[in-house]
Structure formats: C-alpha cells, structure tokens
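Heavy-atom basis, side chains included; hydrogens, waters and symmetry copies ignored. Chain identifiers are assigned alphabetically (A, B, ...) following the order of the sequence lines, protein sequences preceding nucleic acid strands; residue numbering begins at 1 within each chain.
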Protein chains: 4
Amino acid sequence: MSDVAELERVADQGRAPGRRRDDATRRAILRAAFDIIEADGYRAFTIEGVAARSGAGKTTIYRWWPSKEALAVDAFMSEIGECGQGQDTGSVIEDLKATVVRISENLEGKTGRVLAAILGGGQNDLETSIQFRDRFMIPRRELGRATLQRGIASGELRPDLDVDAALEALIAPIYMRLLMRLGPCDAAWAQRFADTVIRGLVAHKPS
Amino acid sequence: MSDVAELERVADQGRAPGRRRDDATRRAILRAAFDIIEADGYRAFTIEGVAARSGAGKTTIYRWWPSKEALAVDAFMSEIGECGQGQDTGSVIEDLKATVVRISENLEGKTGRVLAAILGGGQNDLETSIQFRDRFMIPRRELGRATLQRGIASGELRPDLDVDAALEALIAPIYMRLLMRLGPCDAAWAQRFADTVIRGLVAHKPS
Amino acid sequence: MSDVAELERVADQGRAPGRRRDDATRRAILRAAFDIIEADGYRAFTIEGVAARSGAGKTTIYRWWPSKEALAVDAFMSEIGECGQGQDTGSVIEDLKATVVRISENLEGKTGRVLAAILGGGQNDLETSIQFRDRFMIPRRELGRATLQRGIASGELRPDLDVDAALEALIAPIYMRLLMRLGPCDAAWAQRFADTVIRGLVAHKPS
Amino acid sequence: MSDVAELERVADQGRAPGRRRDDATRRAILRAAFDIIEADGYRAFTIEGVAARSGAGKTTIYRWWPSKEALAVDAFMSEIGECGQGQDTGSVIEDLKATVVRISENLEGKTGRVLAAILGGGQNDLETSIQFRDRFMIPRRELGRATLQRGIASGELRPDLDVDAALEALIAPIYMRLLMRLGPCDAAWAQRFADTVIRGLVAHKPS
DNA sequence: CGGTAAGCGAGACGGTACGTCAGGTCTTGGG
DNA sequence: CCCAAGACCTGACGTACCGTCTCGCTTACCG
C-alpha cells in the first residue's frame with residue numbers, strides 16, 4: 001500500500017465499508033414527510049405514507065430515524081434552515097420588537113402548521129420533544145439573550161431584569177397562539193404584543 | 001306499569017323510552033381515561049384500553065364521545081373541576097401575581113402531565129383543540145381580565161394597556177413551560193416571571 | 001328471569017356473549033386459500049393474499065388459524081370432503097387395487113397439486129405436518145386395513161402378513177410420485193404398481 | 001510465457017482472467033447452510049443467516065446459487081457424499097433387503113432431518129425439486145435396479161416383474177415415513193418392510 | 001510491472017409479507 | 001334504549017428477508 005493511500009485511510013479514520021447512504025433518498029424522505037404534515041396534518045403523517053410518497057422503502061426510513069417523531073423534527077428543521085442573527089439598529093427596544101416580529105412571521109403559513117403538529121405530536125415521545133426544544137426553540141430564544149444583555153448594559157433596560165423570564169415572556173405566547181389557534185401571528189399582533197411586554201403593565205407616575 | 005313509574009314518565013315530559021344512561025359507567029370511563037393518560041402517557045391512551053380498564057364496552061364509549069380526544073378533554077375537565085375566582089386584595093399587582101402562581105401550581109403534578117398530553121394530542125384533532133381551548137384555557141385566562149381592567153381603572157396599570165396582549169403574556173409561558181419541559185412551574189418561578197411581565201423590561205428614568 | 005330462560009341458558013352451558021363467528025367469512029377464507037394454492041402455488045400463498053381475495057381482514061384469519069400451514073390444511077380438507085369407504089367385491093385383491101386406483105385418481109389435478117404443496121410446506125411447521133397426517137393421510141390409509149384383514153381371514157393373503165408394512169407399501173408411493181413429480185398418478189400406473197406390491201417380487205416354484 | 005503455462009491455458013480453454021473463486025468461502029457457505037437447516041429447521045434457513053454464519057457476503061451466495069433451494073440441495077449433497085454401490089452376496093433377496101436397510105439408516109439423524117426439510121421446501125421451487133430428484137433420489141433408487149435385474153435373470157425374482165414399480169415400492173415408503181414422521185426408519189422396520197414387499201401380499205397354495 | 005477483470009465483505013436500497021395493535025362498526029343476548 | 005362481549009374490516013405499525021445495487025479492497029492473469 002502506498003504512503004498516500006495509507007495517509008488517506010488514516011485521515012478517513014477507517015471509513016466503514018459498504019455502500020454509502022444515498023443522499024437523494026434522504027432528501028426525498030424529508031421532503032415527503034414535510035409535505036404530508038403540511039398538506040394533511042400530523043394525523044395523516046405515517047411512515048408508510050412517507051415511504052410511498054418518497055419512493056423509499058420503509059426499512060430505509062427506520063434505518064435512519066428511530067421514530068416518526070424524530071423524522072418529523074428532521075423534516076421540519078431541514079425545511080426552515082438556519083435561524084439567522086439578531087440585529088443591532090441602535091435601539092435595543094426596536095431590535096427586540098423586530099425579533100419577535102420575525103419569529104412570528106416565520107411561523108405563519110406552512111412552517112407554522114407543521115410546527116404546531118410537531119409540537120403536539122411530540123407529546124407522544126419524550127426524546128423528540130427534547131430534540132425539538134434543543135434544536136429549534138432554544139436556539140431561537142437565545143437570539144434575544146444578547147440583545148437583552150446589551151440593553152441592560154446600555155441602560156435601556158432595567159438593570160435588575162431577569163433575562164430568562166423576559167425571554168420566555170417574549171417567545172412563549174407566539175408558539176401558544178399558534179398551537180391553540182388563538183389568532184393569527186401576524187406582524188401587527190406581534191408588534192402590539194412585544195410592545196406590551198417590553199413596556200410592562202404598570203403605570204409610571206409622571207416624572 | 002306502576003303508578004310511580006307512570007308519574008316519572010309524565011314528569012320527564014315524555015322522556016325517550018328505554019334504559020337510561022348509566023352514570024356509574026360514565027364515571028368509570030372518565031376515570032379510566034384520566035388514569036391511563038396520567039400513568040402511561042397519551043400514546044398509551046386508547047379506546048380499547050379505556051374499555052378494558054373501565055369494564056365498559058367500546059360501543060358505549062363511542063356512543064357518548066365522538067373521538068378519543070373528546071374523551072380526553074372530558075376526562076381532564078371532570079378531574080380538575082371549576083377554575084375558581086379571581087381575588088381582590090386591594091393591590092391589583094398582587095392579585096395578578098397570585099393568579100399566575102395559582103395557575104402554575106395547579107398544573108404541577110398529575111394534572112399538568114395530563115394537560116400537556118391533551119394539548120399535544122389535540123393537534124390531531126381540530127375540534128378537540130378548540131374544545132379544550134374554549135372549555136379550559138380561555139375561562140382560566142379570563143380570570144385575569146377583570147383584574148387587569150380594575151387595575152387600569154384604579155391607575156395602577158397603564159391606561160393604554162392592551163389587555164389581550166397582557167393576558168397572553170401572563171398565561172402562555174406557563175403552558176409552554178409545561179409543554180416543552182423548560183423547567184418546573186413552581187411558585188418561585190411564577191413569581192419571578194409574573195413580576196418581570198408586570199414591571200416590563202424597560203428602565204425608567206429617575207423622576 | 002323466567003324458568004324457561006334459565007333452562008335455555010343452562011342448556012347452552014353459558015354460551016359466550018357477543019357476536020358469533022360469521023360462517024360465510026370462514027368459507028370465503030378457506031376457498032380463497034385453496035384457490036391461491038391451486039392457481040399460483042404454495043409460494044404465492046400468503047395470509048395477505050388470502051385476506052385480500054376473500055375480503056376478510058388479516059386479523060380474522062389470525063383469530064381462527066394459528067399459522068398459514070394450519071389454514072392450508074383446513075382449506076384442503078374442506079375442499080376434498082370425506083374419504084369414502086372401502087369396497088367389497090368378493091375379491092380382496094381386486095378391492096385393494098381399486099382402493100389404490102381410487103386414491104391415485106383422487107390426487108390427480110387440482111387436489112394433488114394442493115396436496116403436494118401442503119405436504120412440502122408442512123415441513124416448516126411440525127404441528128401442521130402432524131395434523132395433516134392425522135386428518136388426511138392416516139384415515140385414507142386405514143381404508144385398506146379392514147380389506148387386508150379380510151384377505152388374511154379368507155386365506156387370500158398371507159396369514160403372517162405385516163399389515164402396517166403392507167399399508168405403507170401400498171400408499172406411500174402414490175404420495176411420493178406426486179411430491180417428486182416422478183410421473184403421473186393415473187389409473188394405469190396405479191394398477192401396475194398395486195399389482196406388483198400385491199404379488200410380491202419373488203418367483204414361486206411351479207407347484 | 002512458459003510452455004507449461006501456455007499448455008495450462010490451452011487446457012483451460014482460455015480461462016477467464018480475474019480472481020478465482022475462493023473454495024474456502026464456498027465450503028463455509030455450504031457448511032453454514034447445512035448446519036442451519038439441521039439445527040433450526042428449514043424455516044430458519046435464510047440467505048441472510050447463511051451469510052452471517054459463514055462470514056460471506058450475500059452477493060457471493062447469489063453469485064453462485066440461483067436460489068436458496070439450490071443452495072440447500074448443494075449443502076445436502078456435499079454433506080452426504082457418494083451413494084455407494086450395490087452389493088452382491090449371492091442372494092438377490094438379501095441384497096435388496098440390505099439396500100433398503102442401508103438407505104433407511106442413512107436417513108436417520110441429521111441427514112434425514114435436512115432431507116425432509118429440503119423435500120418439503122422444494123415444493124416452493126420446481127427447479128430444485130427436480131434437481132434434488134435427479135441428483136439424489138434417482139441415483140439411489142437405481143442402485144437397486146441392477147440387483148432386481150440380476151434377480152430376474154437368476155430366477156429368484158418373477159420373470160414378469162415391473163422393475164420400476166418394484167423400485168418405487170421399495171424406496172418411497174422410506175422417504176414418506178421420514179417426511180410424515182410416521183415412525184423411525186430404523187433397521188428393524190426396514191427389514192420388516194422390505195420383507196413384506198419382496199414376498200408380496202398374496203398367499204401361495206402349498207405346492 | 002502495470003492494467004484489467006473478476007471475486008469478495010459490507011451494507012444501503014426498494015420491496016413484500018409478516019404478525020400485532022387499535023380504530024370504528026356491527027351483531028348478539030340480556031337488563 | 002342501554003349495556004358488555006366480541007367478531008369484523010381497515011390501516012398502520014415495526015421487523016425480517018428478499019434480491020439488487022454500489023463501494024473499496026483483494027487476487028490473479030496478461031500484455
């Protein structure tokens with residue numbers, strides 16, 4: 001064996017033999033899963049259905065995803081992509097509002113419907129619920145943490161602010177609204193809502 | 001036919017003939033449903049299981065509940081009872097905090113687990129989700145509305161407060177925390193969280 | 001409860017409640033099973049196929065038959081009916097030949113093909129093999145026993161004849177011929193074969 | 001190129017280039033196949049199982065055997081070896097009995113169990129059934145043909161004996177007994193059975 | 001010695017059927 | 001008309017093997 005080949009082998013750290021995973025299949029499965037949830041709801045989301053629509057065998061799905069909930073999370077994640085970055089427009093308050101609006105708008109339409117389905121379906125399966133929380137919700141929620149801290153530092157926000165509580169107050173209602181169909185998550189509502197939380201409920205005596 | 005029976009019939013104003021619904025069976029079914037969800041999770045909650053545990057026939061369950069989601073909601077509602085009343089201690093702010101704490105504490109333990117299950121399972125079934133929202137969530141949320149309005153009137157709260165947005169900000173995070181297992185819904189957290197929302201995020205210039 | 005009703009209940013020996021087995025379904029299943037084996041061979045004989053062709057649910061099949069082999073045996077038995085009776089034409093030797101011919105002819109055509117399939121398939125499943133032997137083969141073989149004994153009594157057959165060995169010698173080659181496709185089981189062959197066994201192989205000195 | 005190599009090449013008639021079949025692998029596969037059938041029955045005999053036990057890849061098995069039935073036949077044949085020769089002790093009748101006994105004894109134990117499995121399994125696959133018949137059964141059966149003809153010539157056997165029918169009568173019951181588990185194929189039974197067939201069923205008038 | 005042609009292991013893939021579970025409907029007999 | 005029991009058809013579950021298909025590697029010949 002040549003030195004080069006040996007080096008490669010070592011670099012690959014002894015790559016497993018056998019045929020490699022077919023990425024086209026992987027994508028077809030994720031896409032089919034997303035489409036089914038989106039079109040017909042979580043109840044209609046079955047492994048058999050995904051197999052049929054994607055043209056994959058059931059075995060292949062079970063080989064790569066431990067449960068249909070796990071597949072749902074992956075399908076969702078692969079469709080929405082990265083969560084972007086917080087902004088810095090100079091005004092922390094405006095940045096917070098923009099973040100709330102952005103998240104809300106992101107969940108209107110297909111994405112939101114699928115998210116609600118997963119959120120709910122996840123109750124069947126602890127592990128998935130956790131994955132979803134860690135891979136989707138928390139990263140998104142954390143977007144705001146830096147902004148909040150910047151606001152505290154700059155004096156725009158209360159110095160004694162409980163950042164975690166604030167994050168929950170800003171984000172949870174968006175998901176809840178979606179889940180419980182309490183109304184649309186449009187920009188108008190998001191603006192109003194964010195404003196209410198940021199300003200607080202109490203009245204301030206005129207200085 | 002005996003006179004007594006005849007009298008009853010007349011009193012019922014021509015009540016339908018045939019055997020009347022057996023209330024013991026009804027209660028056995030609801031209890032079995034609640035217990036199964038509580039003990040083994042929503043996934044293990046099946047009509048067959050409920051029939052077996054309660055000693056009822058499947059037919060009987062289907063006769064009275066249109067779907068298993070509907071049964072779940074009924075089982076939950078019959079277990080938790082009424083939602084109580086808002087209080088009036090003089091301080092609107094203290095009243096709001098007390099309400100948030102009370103709701104949170106209410107959802108710790110069994111009740112919370114079942115609620116989370118239903119909340120999730122409801123995504124399978126629009127009708128149930130709506131029922132649950134209307135029979136459970138909204139009544140509980142509305143508890144606070146009067147308090148908020150009292151606060152506006154008294155000047156403790158901002159005169160321009162968006163009451164709906166405020167209600168959502170105060171309640172949604174409780175459910176979300178439960179659903180996403182973000183942490184315990186204990187009194188300490190509820191206090192901190194309610195305080196954050198009520199006071200708002202912004203700093204106020206010293207007057 | 002009236003005495004009459006009580007009497008009936010006792011007579012029924014506490015018959016199980018609930019819907020009774022649907023005999024039309026039972027027959028449809030057996031017929032479908034037979035037809036599939038006959039038309040496409042044992043390999044094509046699947047529970048799913050039988051369910052589909054008969055219009056029954058798989059569950060129903062599994063409720064009543066422990067394995068597909070058991071179903072095959074039942075299907076076969078229900079199609080061929082009773083095995084008839086031995087004859088008595090005066091000549092024991094003619095009676096024996098007639099029996100061999102009759103069994104052979106019986107196994108030509110559909111029935112034989114299905115039988116061969118079951119005989120073979122039965123190797124997968126001990127219990128079925130036993131059932132088939134006891135319900136089909138042995139009864140048929142025993143048809144000849146009385147004839148043989150009659151022959152011994154009348155002096156037509158050897159007084160020291162081993163009846164069991166004789167029965168096997170007369171019957172086994174029929175099945176083997178079928179199973180191994182050694183040639184047709186027609187009347188001509190059966191005649192020749194029966195004659196050979198009955199007369200034996202050895203030469204007899206002219207008396 | 002050396003003359004010797006050239007000679008070999010010519011002898012091989014232009015043997016194909018490339019790596020040659022690995023005989024150790026071939027033997028490992030046959031052995032694994034036999035062992036699995038023997039240990040766990042035909043039902044447990046799967047290509048995947050053979051591959052796993054033998055350490056071979058499935059591809060390799062499919063490259064050399066067209067079906068699992070073909071593999072089973074090969075495995076069986078390679079395990080039992082040649083079928084030996086008929087004997088000539090002077091008495092044709094004793095020779096025939098000896099042959100029946102020998103075949104019977106040969107099929108007791110492992111070998112018989114595997115044979116029964118193949119016999120049965122072969123019903124799935126016409127080709128295999130034929131191969132098995134031609135490679136195993138017929139050669140063994142033909143062992144007796146010469147003996148029978150010798151007997152006819154010597155006058156020990158009937159001059160008008162139907163040799164084919166006699167062969168079937170002598171051999172088929174052995175296999176049938178094995179297949180249908182009608183009883184052991186031991187020497188005692190074989191003796192009794194062979195004797196019955198050879199002497200025939202009919203009584204002979206004292207000369 | 002270097003190229004080309006197998007053989008070989010591992011293992012992914014699209015399928016078919018398995019045997020089970022639950023869903024929702026029905027039939028039966030009894031209250 | 002209610003009820004328990006339980007048979008029934010349907011559809012999805014998750015698993016086992018099927019037979020095919022890459023892969024990367026190992027022989028072995030042949031120019």
Side-chain angles (χ1 to χ4, degrees), chain A residues 1 5 9 12 15-22 24-26 44-49 51-52 54-64 66-68, chain B residues 15-22 25 45-49 51-52 54-64 66-68, chain C residues 1 5 8-9 12 15-22 24-26 45-49 51 54-64 66-68, chain D residues 1 5 8-9 12 14-22 25-26 45-49 51-52 54-64 66-68:
Chain A
M1 187 186 288
R9 204 188 59 72
D12 290 358
R15 181 174 86 47
R19 185 172 172 177
R20 264 96 113 215
R21 181 169 187 182
D22 182 343
T25 294
R26 190 188 127 268
F45 169 59
T46 55
I47 297 282
E48 302 233 305
S54 67
K58 280 204 290 176
T59 322
T60 303
I61 300 176
Y62 283 113
R63 188 168 13 244
W64 300 111
S67 69
K68 71 178 198 171
Chain B
R15 185 174 72 56
R19 183 172 169 178
R20 259 100 107 227
R21 178 170 188 184
D22 182 342
T25 294
F45 170 60
T46 59
I47 297 284
E48 303 235 302
S54 67
K58 281 203 289 177
T59 324
T60 305
I61 299 175
Y62 283 113
R63 189 164 15 241
W64 301 110
S67 70
K68 72 178 198 168
Chain C
M1 186 190 289
E8 275 182 306
R9 204 188 57 74
D12 289 357
R15 183 175 81 50
R19 184 173 173 177
R20 263 100 109 214
R21 179 169 187 184
D22 182 341
T25 294
R26 190 188 126 268
F45 169 60
T46 56
I47 298 283
E48 302 232 304
S54 68
K58 280 201 291 176
T59 322
T60 304
I61 299 176
Y62 283 112
R63 191 173 4 252
W64 301 111
S67 68
K68 72 178 196 169
Chain D
M1 185 189 289
E8 274 183 306
R9 204 189 60 72
D12 292 355
R15 185 172 77 52
R19 182 174 175 177
R20 263 102 108 221
R21 180 169 186 185
D22 182 343
T25 294
R26 191 189 126 268
F45 170 60
T46 58
I47 297 284
E48 302 234 304
S54 67
K58 282 204 291 174
T59 323
T60 304
I61 299 176
Y62 282 112
R63 186 163 18 239
W64 301 110
S67 69
K68 72 179 199 168

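An OP1 or OP2 oxygen of E:dG29 is reached within less than 4.0 angstrom by a side-chain nitrogen or oxygen of C:Arg20. Put simply, A:Trp64 has a side-chain N or O that comes within less than 4.0 Å of OP1 or OP2 on E:dC13. Taking side-chain N and O atoms only, B:Thr25 has a distance below 4.0 Å to OP1 or OP2 of F:dA4. Proximity of A:Thr59 to the phosphate of E:dC13: no side-chain N or O atom is located under 4.0 Å from OP1 or OP2.
D:Ala51 comes within 4.0 angstrom of no nucleic acid atom, judged by non-hydrogen atoms across all strands. Counting any heavy atom pair closer than 4.0 Å across all strands shown, D:Gly55 reaches sugar-phosphate atoms only and no base atom.
Rounding to whole angstrom units, CZ of residue D:Arg21 and C1' of E:dA6 are separated by 13 Å. Atom CD1 in D:Ile61 sits about 15 Å away from atom P in E:dG7, given to the nearest Å.
When every heavy atom of B:Ala51 is checked against every heavy atom of B:Gly57, the shortest pair comes out as CB-C, 4.3 Å.
For B:Arg19 and F:dC1, a side-chain-to-base donor-acceptor distance below 3.5 Å is absent, hydrogens and geometry of angles not being considered.
Note that the CD1 atom of D:Ile47 and the NZ atom of D:Lys58 stand 8.5 Å from one another [nearest 0.5 Å]. The distance from atom OG1 of B:Thr25 to atom CD1 of B:Ile61, rounded to the nearest 0.5 Å, is 10.0 Å.
Listed nucleotides: F:dG14, F:dA7, E:dC18. Nearest to the side chain of A:Lys58: F:dG14. Comparing F:dC13, F:dC8, E:dG9 by their nearest atom to the side chain of A:Ile47 picks out F:dC13. Of all nucleotides listed (E:dA17, E:dA22, F:dC17), E:dA22 comes nearest to the side chain of B:Glu48.
Nucleotides of DNA chain E nearest to A:Arg26 and B:Thr46 differ in position, and the one nearer the 5' end is that of A:Arg26. A residue-by-residue look at C:Gly57 and D:Phe45 shows that C:Gly57 has its nearest nucleotide of DNA chain F further toward the 5' end.
Judged by a 6.0 Å distance limit and a 45° cone about the ring axis, C:Arg26 is not positioned over the six-membered ring of C:Trp64.
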